[in-house]
Trainee: 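Shown below is the structure under consideration.
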Amino acid sequence: MASPFDPQREDLFTFGLWTVGNRGRDPFGEPVRPVPDPHHLVRRLAELGAHGVNLHDDDLVPPGASAAERDRIVREFRRTLRDTGMQVPMATTNLFGHPAFKDGAFTSNDPRVRAFALQKTLRAIDLGAELGAGIYVFWGGREGSEADACRDPRAALQRLRWALDFLCGYVLDQGYGLRFALEAKPNEPRGDIYLPTTGHMLHFITTLQHHEMVGVNPEVAHEVMAGLSFPHCVAQAMAAGKLFHVDLNAQKIGRYDQDLRFGSEDQKGALLLVRLLEGTCGGGRYTGPRHFDAHAYRSEDEAGVWEFAKGCMRTYKILAHKARGFDADPEVRALLAEQHDPRLDPLLAGGNSREVAEALRGVSIDADALGRRGLGYERLDQLLVEHLLGVRG
Ligand code: GCO
Ligand code: MN
Ligand code: MN
């Protein structure tokens, strides 16, 4: 039976080939699922109502493939995309799997490793452009350290900056319509990864030569690993006009990078995130792909993988519905109504001037009364919980 929460193409849901193709390998155990066929993954995702798939270079073209082999694989993949109407909105490079990257890719002390990383990325950017991607993600999983004396972290940042400036230049030279999105993670697989949070990335971007074509790709799990509020991180990126992409998943605090089904943990945080992305609280809506960078539990076979994929998309739509209900609730609106004071409104509206500073000094404010005043947030939060639990709205 059709449900209003069934995914549709226009919802812009995407998955990585590496997510629904995840084989359930972990540091302690071997894969539990067979080697995936990218064509099969694309067809199943299309049937489920997804908009597209994203990929690393190596997810599609095995490393070491000849040029002829590469062209054949890409041609066949494009045919499957055409047959299913699926898009490739985002592409990226695997700069973490090869043993040569054990001490970083763009930040390695060895110029041969840095050159190898650039060669691989140039080829992967060509692949992304050929598949029609508009966003190119950089996740520097190996760009970090354990023996921290191995390099001056400032040198690492300088090398990263140089590589991104170089690659932006390449994209512009080629006339590709690609924008870059930087993805932060605090640790794993390295003890410490450089630029560990989205906030760090946002500042780093301001130091790049082509900063206008570089934004961020925040991931739920990664900011939660750092103990931070993901909605706050996304809000800062949106306010800066830098939310180019988003990696949706779920994560328990204090764990390894779990990449769980979206909304499977911290449903309140997930609701607040969807509320922001959908703009139900005002302040603009995120219009890019809703990408799930997550994978099924290791306990699952292929049927479980498709339950996982459906679950990510359904939960997003259910939360969008809840967010609309919450923000339209008259009691919520009353609690959140903007507060006014006719004496202060004109003074706090414009910028600084001597007159305004002088006038501000003269306003009498009863701070003790303000301190005694209750703000109604217990009620507000309970309303949020009741919307979430389905007894209201
Ligand atoms: C992780 C990362 C990766 C990247 C992906 C794209 O979970 O460790 O998020 O999944 O997003 O490799 O570069
Ligand atoms: Mn992750
Ligand atoms: Mn990610």
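This one's a predicted model, so the numbers in the text were calculated from it and none came from an experiment.
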Trainee: Pairing donors with acceptors under 3.5 angstrom, does anything connect the side chains of R379 and Q382?
Mentor: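 Their side chains do not contain a donor-acceptor pair, so the 3.5 Å distance test is not met.
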Trainee: Measure the CD-NZ distance between Q8 and K317 for me, rounded to the nearest 0.5 Å.
Mentor: 5.0 Å
Trainee: When rounded to the nearest 0.5 angstrom, what is the spacing between CG in L360 and CD1 in I365?
Mentor: 7.0 Å
Trainee: May I ask you to decide if G24's main-chain N or O and R298's side chain share a donor-acceptor pair within less than 3.5 Å?
Mentor: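 Yes.
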Trainee: Going by ring pair (Phe, Tyr, Trp, His ring centres under 6.0 Å), H291 matches just one of W18, Y286, F262, Y316. Which one?
Mentor: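 Among W18, Y286, F262, Y316, the one meeting ring pair (Phe, Tyr, Trp, His ring centres under 6.0 Å) with H291 is W18.
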Trainee: Where the side chain of R142 meets the backbone of A105, is there a donor-acceptor pair that is under 3.5 Å apart?
Mentor: no
Trainee: Are V274 and L336 connected in the hydrophobic side-chain network, where two residues link if heavy atoms are under 4.5 Å apart?
Mentor: yes
Trainee: For the backbone of G191 and the side chain of E146, can you confirm whether one donor and one acceptor N or O come within less than 3.5 Å of each other?
Mentor: yes
Trainee: Using only atom types and a distance under 3.5 Å, with no angle test, would you say the side chain of Q251 pairs donor to acceptor with the backbone of Q258?
Mentor: yes
Trainee: For G304, is there any backbone N or O sitting under 3.5 Å from a side-chain donor or acceptor partner on D301?
Mentor: yes
Trainee: So L160 and L195, side chain to side chain contact (heavy atoms under 4.5 Å, CB included) or not? Walk me through it.
Mentor: CA-CA 10 Å; L160 205 51; L195 299 169; 3.7 Å; yes
Trainee: Short question: side chain of R151, backbone of T107 - any donor-acceptor pair under 3.5 Å?
Mentor: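 Yes.
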Trainee: Which pair of non-hydrogen atoms, one from L272 and one from P231, has the smallest distance, and what is that distance?
Mentor: CB-CG, 4.1 Å
Trainee: I'd like to know if the side chain of N22 and the backbone of A296 have a donor-acceptor N/O pair within less than 3.5 Å.
Mentor: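 No, N22 side chain to A296 backbone: no donor-acceptor pair under 3.5 Å.
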Trainee: Test your reading of the model: is there a side-chain donor-acceptor pair from R23 to the backbone of R33, 3.5 Å cut-off?
Mentor: yes
Trainee: Flag yes if L157 and F138 sit in one hydrophobic cluster, no otherwise; membership is Ile, Leu, Val, Met, Phe, Trp, Tyr, and two members link when side-chain heavy atoms are under 4.5 Å apart.
Mentor: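 Same cluster.
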Trainee: Using a 4.5 Å cut-off on heavy atoms from C-beta on, say whether the side chain of R75 contacts that of R78.
Mentor: no
Trainee: Under a plain distance cut-off of 3.5 Å, with no hydrogens placed, do N217 and D247 share a side-chain donor-acceptor pair?
Mentor: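 A donor-acceptor contact under 3.5 Å links the two side chains.
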Trainee: Cationic tip of R179 within the cone over F244's six-membered ring, i.e. under 6.0 Å and within 45° of the normal?
Mentor: yes
Trainee: Would you please test T198 and Q236 for side-chain hydrogen bond (donor to acceptor under 3.5 Å, both in side chains) and show each step?
Mentor: CA-CA 9 Å; T198 297; Q236 189 185 357; over 6 Å; no
Trainee: Taking the six-membered ring for Trp, are the ring centroids of F292 and F15 within less than 6.0 Å of each other?
Mentor: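 Yes; F15 has its ring centre under 6.0 Å from that of F292.
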Trainee: Using only heavy-atom distances, determine whether the side chains of W162 and Q158 contain a donor-acceptor pair under 3.5 Å.
Mentor: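 Q158 and W162 do not have a side-chain donor-acceptor pair below 3.5 Å.
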Trainee: Do you know the tightest heavy-atom contact between D11 and R290?
Mentor: O-CD, 3.8 Å
Trainee: Would you say the side-chain atoms of E188 pair up with the backbone N or O of D257, donor to acceptor, closer than 3.5 Å?
Mentor: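 Indeed, once roles are kept as given, a pair shorter than 3.5 Å links the two residues.
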Trainee: Dump the intermediate steps for side-chain hydrogen bond (donor to acceptor under 3.5 Å, both in side chains) on N249 and D259, then the final yes or no.
Mentor: CA-CA 5 Å; N249 56 23; D259 294 336; 3.1 Å; yes
Trainee: Quick one: do F308 and L248 end up in the same hydrophobic cluster if we chain Ile, Leu, Val, Met, Phe, Trp and Tyr together by side-chain heavy atoms under 4.5 Å apart?
Mentor: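 In one cluster with F308: L248, yes.
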Trainee: Will you find, in the side chains of R314 and S3, an N or O donor that is under 3.5 Å from an N or O acceptor?
Mentor: yes
Trainee: Between the main-chain N or O of A100 and the side-chain N or O of H98, is there a donor-acceptor pair closer than 3.5 Å?
Mentor: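 Yes, because the side chain of H98 sits within donor-acceptor range (under 3.5 Å) of the backbone of A100.
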Trainee: How about N109 and R159: does a side-chain donor come under 3.5 Å of a side-chain acceptor?
Mentor: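 Their side chains do contain a donor-acceptor pair, which is all the 3.5 Å distance test asks for.
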